[in-house]
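Heads up: the structure comes next, in structure tokens.
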Amino acid sequence: RDTGGGGGAQAGECERVAPPSVPAASARPAPEAPKADASGLKVGLAYDIGGRGDASFNDAAAAGLDRAVAELGLQKANTREATAQAGESEDAGTNRLRQLAQGGFNPIVAVGFNYATGVKTVATEFPNIQFAIVDDDTVDLPNVKPLVFAEEQGSFLVGAAAALKTSTCKVGFIGGVDNPLIQKFDAGYEQGATTVAPQIDVESAYISPAGDFTGFNDATRATEIASGQYDGGADIAFAAAGQSNQGVFAAAQTAQKKAVGVDSDQYNSPQLTQVRDTIMTSMIKRVDVAVYEYINAVAGDTVAQLPARFDLANNGVGYSTSGGQVDDIVPQLEAYKAAIIAGQIDVKSTK
Amino acid sequence: MTDERHAVELRGITKRFPGVVANDGVDLTVTHGEVHALCGENGAGKSTLMKILYGMQTPDEGTIVVDGADTHFRSPADAIAAGIGMVHQHFMLADNLTVAENVLLGAERLHGIGRAARARITELSATVGLAARQDVLVEHLGVADRQRIEILKVLYRGARTVILDEPTAVLVPQEVDELFATVRTMQGDGYTFLFISHKLDEVRAVADRITVIRRGRTVGTADPRTVTNRELAEMMVGSELPSPETRESTVTDRQVLRVEGLGLASPDGGRDLLDGVDLVVHAGEVLGIAGVEGNGQTELVETVMGMRRHARGRVLLNGTDISAASTMARREAGIGYVPEDRSRHALLGEQPLWANRILGFQSRPPIARRGLLDTAAARTDTERIVRDFDVRTPGIDVMAAALSGGNQQKLVVGRELSGDPVLLIAAHPTRGVDVGAQAGIWAELRRARAAGLAVLLVSADLDELIGLSDTLAVISGGRLVGTADPATVTPEELGTKMTGAAT
Amino acid sequence: MTAVLDRARTLPGWARSALIAAALVAVLSVTVTLTGQTQLTSGGTASAAVRLGLPILLAGLGGLWAERAGIINIGLEGMMVLGTWGAAWAGYQWGPWAAMLGGLVFGALGGLLHAVATVTFNVNHIVSGVAITLLGTGLTKYLATLVFTPVSQNPRQSPRLEGFTEFSIPGVAEGLAALEAQQRVFVSDLAGLLSGLVTGLTPILVIGIALVPVSYLVLWRTAFGLRLRSAGESPVAAESLGVNVVLHKYVAVTISGALAGLGGAALVLNPGQLGYLENQVGGRGYIGLAAMIFGNWRPAGLLVGSALFGYVDGLQLRAGGEAVHALLYGATLVAVVVAVLWAIRRMWTAAAVALVAGLLVYAVYWSVDTVPSEFASYAPQLVTLIVLAAASQRLRPPARLGEPYRRGEGR
Amino acid sequence: MSRLRGAVVAPVLAIAVAALLCGVALVISGASPWTAVTTILAQVGSGTVVVDTVNSAAVYYLAALAVAIGFQMRLFNIGVEGQFRVAACVAAIVGGTVALPPVLHTVLIMVVALLTGAAWVAIPALLKAYRGVSEVISTIMLNAIATGLIAYLIRAETFGELRGNNITTPPIPESGWFPGIPVGNGAIFGMVFVAAALGIGYWFLLGRTRFGFELRASGESATAAATGGVNARRTIVVALLLSGAVAGLVGLPELLGRDHAYTLSSPQGYGFTGIAIALLGRNHPVGIALGALLWAFLDKSAVALDVVGIPREIVLIMQGLIVLSVVVAYEVVRRVERRAEQRRVAAAAPAPQPAEVSS
Ligand SMILES: Nc1ncnc2c1ncn2[C@@H]1O[C@H](COP(=O)(O)OP(=O)(O)OP(=O)(O)O)[C@@H](O)[C@H]1O
Ligand SMILES: Nc1ncnc2c1ncn2[C@@H]1O[C@H](COP(=O)(O)OP(=O)(O)OP(=O)(O)O)[C@@H](O)[C@H]1O
Ligand SMILES: [Mg+2]
Ligand SMILES: [Mg+2]
């Protein structure tokens with residue numbers, strides 16, 4: 001019987017579009033801000049579920065703090081970290097922030113959009129304390145700085161990388177939880193892939209629907225989705241699934257295919273050394289940069305000059321090259337990057 | 001002192017339960033090869049004594065000597081090893097296991113669980129007259145077969161001393177005769193029996209020696225060839241046997257309950273549980289239903305109470321068709337109900353007595369009005385029942401489970417007779433109740449009957465049935481197969497009708 | 001036709017099962033042919049079903065052991081969670097075999113606790129199970145924070161442990177793969193489904209599946225098993241025959257916990273997981289219990305239940321809403337076949353109900369193009385619910401399941 | 001009197017044992033139990049902890065009441081979790097969509113929540129009553145399915161709206177809020193009083209009404225209840241519907257008093273907490289209230305433990321241990337009481353001494 005299986009493989013050769021060329025001047029990333037002295041600050045950090053050590057964005061925030069300690073003269077003793085619990089009520093988050101505020105910490109960084117209401121409440125109560133919130137820009141208060149990212153831009157680049165590297169003209173996306181944040185990765189990835197190879201087949205799947213957070217912790221099911229995509233003809237899959245990513249990498253290893261990591265340079269993650277060869281590149285979301293820059297700006301009193309959004313232009317997002325697997329296509333990727341920075345390509349955050 | 005000829009010797013056995021001294025220094029000597037009967041009223045402590053001998057309960061004081069050796073049983077396994085087997089008052093069978101599994105259980109070491117074991121079971125089946133296949137589930141078997149399996153279990157374990165705790169309670173006279181024949185043959189083969197029964201005629205017929213126990217103490221031993229029933233009874237209760245006989249007829253011609261063509265299909269698709277049952281109970285009449293257990297009595301009663309749905313036929317109460325009514329509606333229409341198993345069907349064990357008074361009356365005055373309960377009224381009325389029916393309790397706030405069985409039953413009968421019912425359905429109203437309470441319950445039934453109550457009585461105690469009833473109907477296989485006149489019928493004749501041997 | 005049916009009714013059990021299985025494969029085959037959803041019968045789906053079904057199977061076996069002895073074990077979830085920790089802890093230090101042992105031991109400890117509460121203290125079984133799940137989850141998180149953080153820098157994850165190497169049955173695996181690739185109706189479908197059973201195997205998988213017949217043999221063919229089951233059917237009778245009911249209940253519930261713990265280990269050792277992750281059990285203990293009830297408290301039945309669960313889950317993960325949509329088509333076919341069978345037996349109402357159900361499912365199939373991912377994700381739970389609703393009245397739990405038992409206090 | 005003593009002794013004993021075991025666990029892990037205790041106790045006066053505790057306790061109280069109604073009849077409504085979430089989501093959607101004058105609006109939202117909770121539990125209730133499906137299994141399955149349903153309802157394409165990286169239902173206008181009582185920095189939810197009123201209603205229902213009696217009777221002995229004219233099917237269905245309806249309210253204190261919209265990050269797990277608290281409070285309205293307060297307090301103070309560097313999972317262990325030891329303690333106390341009562345009964349009705357009979 002004819003089953004129509006095999007997907008993109010039937011589409012034959014994958015035709016690729018040449019990258020746009022952009023005058024270098026209009027696409028240069030912004031230079032880093034000068035270092036201020038943070039030795040007088042007491043910094044509080046409230047993590048989302050997972051906390052320090054999650055090898056994901058909480059960890060990135062922690063790295064930003066650590067860098068501030070290392071480079072800005074911030075005293076380790078003057079920092080305090082607290083972590084959210086799965087399924088907790090909003091007042092728990094609020095309370096966590098309030099306790100940090102009462103403990104004299106200033107600034108206080110809340111990691112994750114779950115803290116939106118908490119930040120709003122506590123920032124109103126403590127107008128003299130500076131707050132920052134990662135991944136949320138809904139709190140409109142003078143003492144609150146949103147630290148949000150253009151995830152879609154970074155994802156665009158890894159999508160482009162996948163399209164340049166695929167030999168089956170079919171790539172996959174695996175999201176942890178089907179929520180708007182992860183959908184941004186999905187949308188950017190797909191746009192990047194189709195921009196490079198218009199006929200490419202992008203298959204996307206999520207481990208769990210919105211509101212069911214198990215998707216970030218279920219490597220077993222991630223493996224099954226990934227191997228389903230690999231069996232279906234995809235040869236590269238982008239995993240934006242938190243801890244479940246390791247399941248995708250394992251599937252890639254079994255199927256002898258490639259995967260793309262997320263948030264940090266997962267090739268260098270000590271947890272993932274056995275499977276690092278499958279990690280072609282990672283889409284990097286520099287929460288560490290944002291946190292570091294924020295602390296730096298508070299110390300130097302330049303918060304107003306921080307970018308409204310961390311994107312390619314200010315190195316807030318990007319892609320990694322560790323392992324050297326994408327070295328051959330760096331010029332094309334850089335060209336796309338320049339085009340995005342220059343505004344020639346507008347990356348959408350929804351499909 | 002220790003005599004080698006004695007199969008079993010119990011010395012000074014004392015067993016206390018919370019609130020009761022079940023055995024109080026009991027002595028018992030059983031010689032090899034005899035059938036030794038134990039007599040005593042309900043709650044005298046017979047079963048407890050036997051359970052101690054069988055290792056199911058440990059005595060607080062006293063010693064057990066088997067074949068001249070002092071023993072100490074920690075579990076039935078020890079007793080079985082010492083050659084003692086017990087057939088319990090209540091069947092100890094797992095319905096969902098096969099005949100073979102029930103027999104093998106716990107004795108797998110003897111012949112394994114394979115072919116050798118099956119062969120042995122087949123061999124012993126003949127001895128006890130069991131015809132059922134070994135791999136049939138026990139749930140498909142009748143009472144007599146279950147009894148045979150119980151005895152088979154004991155024999156399979158190689159017991160030489162067999163305890164039979166009220167083995168005849170659920171058997172009809174013919175089956176009793178068969179059982180006794182088996183007992184005698186085995187006695188000839190050298191088995192020793194300990195036999196418990198309330199039926200004094202049986203005891204005298206089968207036993208070589210009788211020991212009487214009262215209130216946990218040995219009263220004495222008697223010789224069945226010389227002792228009379230009356231003497232035995234006096235030893236047991238210290239007073240004359242009460243009689244269930246009804247004095248004068250109070251039957252009227254007003255029909256209270258009329259059942260027409262009642263039928264009930266078996267849920268598992270087997271033979272109908274009830275089929276074409278017609279009966280009428282008049283005001284002031286006691287209609288007794290006689291039958292071997294498991295022939296549809298329970299189903300009949302529960303169908304009339306509306307607890308079994310999807311029945312065929314009609315049930316009329318005072319001329320009104322109540323076939324479709326719920327149990328509650330039937331109760332409200334004036335039916336009182338004393339179910340056969342009081343602890344499971346009539347009482348809330350963990351609730352105080354006054355809350356138990358509400359059960360079944362939660363929808364009508366004086367206990368309830370418009371969905372709200374009147375606890376004060378419930379309490380007052382419970383006080384009345386405790387007083388009028390002589391329920392022995394320190395108060396109405398104790399939980400029902402703390403009362404003795406007889407007192408629980410009095411409470412239930414009192415409750416069901418309150419609210420002026422027109423019909424009382426009583427299933428085994430004095431089962432497991434001691435003689436004193438029994439007399440009290442009989443008296444209450446007679447009083448209510450004289451006041452015009454119609455009573456549908458089911459009982460396995462043929463004396464009670466004959467004594468209380470104005471009319472007798474015999475049920476067999478879910479059909480009413482005959483009637484009898486309680487004034488003239490004897491228990492033996494009734495038993496014959498019940499087994500269908502006469503038709 | 002009727003004669004054939006009558007003969008079918010008198011067939012031995014295994015032959016009937018084979019017949020039903022063949023019929024189901026045929027239904028799937030027709031569905032694949034008509035909907036083009038090859039994933040329905042692909043070897044990959046079958047492998048996924050096996051991998052996803054394994055932890056559920058082990059939890060279900062755990063449930064079986066406890067419930068056959070009369071103890072409801074809703075604490076399986078907590079015991080599995082304990083098992084994941086134990087497996088990861090032992091596994092990262094001493095390898096995969098140690099991981100299995102670690103899971104086993106930690107699960108068994110949970111089981112033992114359940115036994116103490118339910119057998120010795122007569123606590124309501126469900127209450128104790130809920131409490132143990134609560135405690136197991138808390139304890140595991142605490143231990144993970146304490147023990148794993150120093151080595152993995154992450155309180156919610158263990159260090160990666162070495163897994164088992166996968167193997168396939170040589171010869172058979174390639175043959176089936178070749179057959180599957182030919183895409184012939186029925187033959188290739190069967191080959192695809194079977195190839196899941198011969199490729200990508202690991203020792204724990206083989207052990208897990210072997211535990212099904214082993215459980216059957218032990219529980220139904222040994223003296224110990226007879227005693228254990230008697231404790232669930234009629235503890236009083238068992239006691240009166242010298243069986244140590246309390247001991248058997250203890251052993252059963254401890255084994256139950258051990259099996260659940262092994263299920264946790266299976267999760268930890270699953271290819272792709274290779275470590276402890278907080279919340280990775282995600283309700284699989286409960287699903288194992290459901291699979292066991294689905295399987296009518298029998299090993300073969302619960303094998304089918306967990307396979308079904310693994311299959312539907314694997315299918316929706318690999319192929320998404322479209323494949324679940326195609327399953328609706330298959331369900332319609334099944335309903336029609338069942339309706340015809342019942343009609344032949346003159347069970348008119350049953351046949352009508354089946355037909356109406358079939359039509360309803362078909363209406364859903366016809367009116368949507370795909371099952372929204374939000375529902376497709378929970379297809380296994382939906383299927384379980386529907387099957388239980390349809391079949392629950394034929395179930396036969398142990399007679400004294402969930403009832404308190406005290407030594408020497410039986411009537 | 002002795003019953004009251006039992007009801008108090010058991011939980012106190014259990015909490016003491018649990019605390020002791022936790023202390024041991026802390027010492028083993030190298031932390032100081034003393035710091036833990038002082039940190040937890042210091043919470044009483046700090047910030048809005050007291051207000052938050054009361055507010056959380058109200059939520060837990062509702063959840064536990066929902067569970068307890070089922071427990072009375074030995075029905076294990078494990079599905080309170082799913083019922084409360086579906087109800088909160090649907091109520092938030094309706095509340096955010098309609099425009100109504102103040103009180104009416106709030107009442108409508110509450111009614112919608114009640115009905116949705118009841119509707120979601122109707123599935124297992126009917127399956128239990130008519131098909132004999134164990135409610136434990138069916139409600140567990142439905143909890144998972146509820147997550148899917150909510151995800152579907154809250155999609156931007158259906159009823160949800162995007163707010164930053166979150167999805168929420170349309171915000172409920174102020175007319176639909178349930179005003180609270182400001183205390184310090186926080187506010188006690190108005191729904192706290194609804195919860196308290198429900199507690200009284202629960203007590204009245206169980207102790208004073210025919211339905212409550214039938215419910216308890218069915219729970220204690222299904223067979224005796226049937227003989228007593230209780231319609232088992234109807235009681236099962238009504239009990240579960242009531243339980244589901246109360247479960248439907250669980251999400252409302254936070255929805256109407258603080259969040260005003262249902263979002264992806266709305267809290268979960270209250271259903272399971274409710275089970276634990278119902279067990280802790282022995283299904284008694286006052287016991288549940290105390291249990292809810294204790295639980296909420298432990299929860300809130302756990303946040304502080306983190307800040308002083310003690311693994312706050314110790315609180316989870318503590319909660320688990322408390323539940324387990326409380327149920328064991330209740331069982332032991334119950335047994336002792338029963339013995340005592342039987343002894344008392346036997347003493348009140350002494351057996352007549354056997355008369356001397358010679359043979
Ligand atoms: N397990 C138990 N716990 C507490 N009390 C018990 C227990 N078993 C028996 N009893 C009490 O001990 C006394 C003796 O009971 P036993 O069953 O031995 O009487 P019996 O002579 O066999 O009576 P029956 O003729 O009714 O069988 C009774 O008061 C009974 O209620
Ligand atoms: N399971 C049990 N646990 C504790 N006590 C029990 C138990 N069963 C019976 N009893 C005690 O046995 C006594 C009588 O109960 P039972 O149901 O055995 O009635 P009975 O022996 O028929 O009573 P009687 O013949 O004296 O009316 C009660 O006082 C009760 O305390
Ligand atoms: Mg008795
Ligand atoms: Mg007895």
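Letters go in sequence order (proteins before strands), and every chain restarts at 1.
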Rounded distance (nearest 0.5 Å) linking atom [atom1] of [X] with atom [atom2] of [Y]:
X        : Y        : atom1 : atom2 : answer
D:Asn165 : A:Thr138 : CG    : OG1   : 9.0 Å
A:Phe213 : D:Leu264 : CZ    : CG    : 6.5 Å
D:Asp52  : A:Thr94  : CG    : OG1   : 7.5 Å
A:Leu181 : D:Asn166 : CG    : CG    : 10.0 Å

Tell me, for D:Ile150 versus chain A, whether the close heavy atoms (under 4.5 Å) come from the side chain, the backbone, both or neither.
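For D:Ile150, no heavy atom lies under 4.5 Å from chain A.
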Is D:Leu153 in contact with chain A via its backbone, its side chain, both, or neither, using a 4.5 Å heavy-atom distance?
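Contact with chain A: none, neither part.
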For A:Ala116, is it the side chain, the backbone, both, or neither that has a heavy atom closer than 4.5 Å to a heavy atom of chain D?
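Neither; nothing under 4.5 Å.
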Please look at A:Thr83 and chain D and tell me whether the side chain, the backbone, both or neither of the residue comes under 4.5 angstrom of a heavy atom of that chain.
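The answer is both parts of A:Thr83.
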For the [atom1] atom on [X], are there more than 12 heavy atoms of other groups (residues, nucleotides or ligands in this structure) within a distance under 6.0 Å?
X        : atom1 : value
A:Lys145 : NZ    : yes
D:Tyr152 : OH    : no
D:Phe272 : CZ    : yes

Counting heavy-atom pairs closer than 4.5 Å to chain A, which one of D:Arg258, D:Arg85, D:Arg155 comes out on top?
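If we count pairs closer than 4.5 Å to chain A, D:Arg258 comes out on top.
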Among D:Asp259, D:Thr263, D:Asp299, which residue forms the greatest number of heavy-atom pairs with chain A at distances under 4.5 Å?
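Result: the option with the highest number of such pairs is D:Asp259.
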Can you name the residues that form a salt bridge (charged side-chain N to carboxylate O under 4.0 Å, His left out) with A:Lys184, not counting sequence neighbours?
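Per chain and number, A:Lys184 pairs via salt bridge (charged side-chain N to carboxylate O under 4.0 Å, His left out) with A:Glu151.
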Under a 4.5 Å cutoff for heavy-atom pairs, which residue among A:Ser349, A:Gly103, A:Gly211 has the most contacts with chain D?
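With the most close heavy-atom pairs to chain D, the winner is A:Gly211.
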Residue pair A:Thr117 / D:Ser265, side-chain heavy-atom distance below 4.5 Å:
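When only atoms from C-beta onward are counted, D:Ser265 and A:Thr117 do not touch, as no gap falls below 4.5 Å.
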Quick one: closest heavy-atom pair of A:Pro209 and D:Ala151, and the distance?
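Shortest heavy-atom contact: CB-CB, 3.7 Å.
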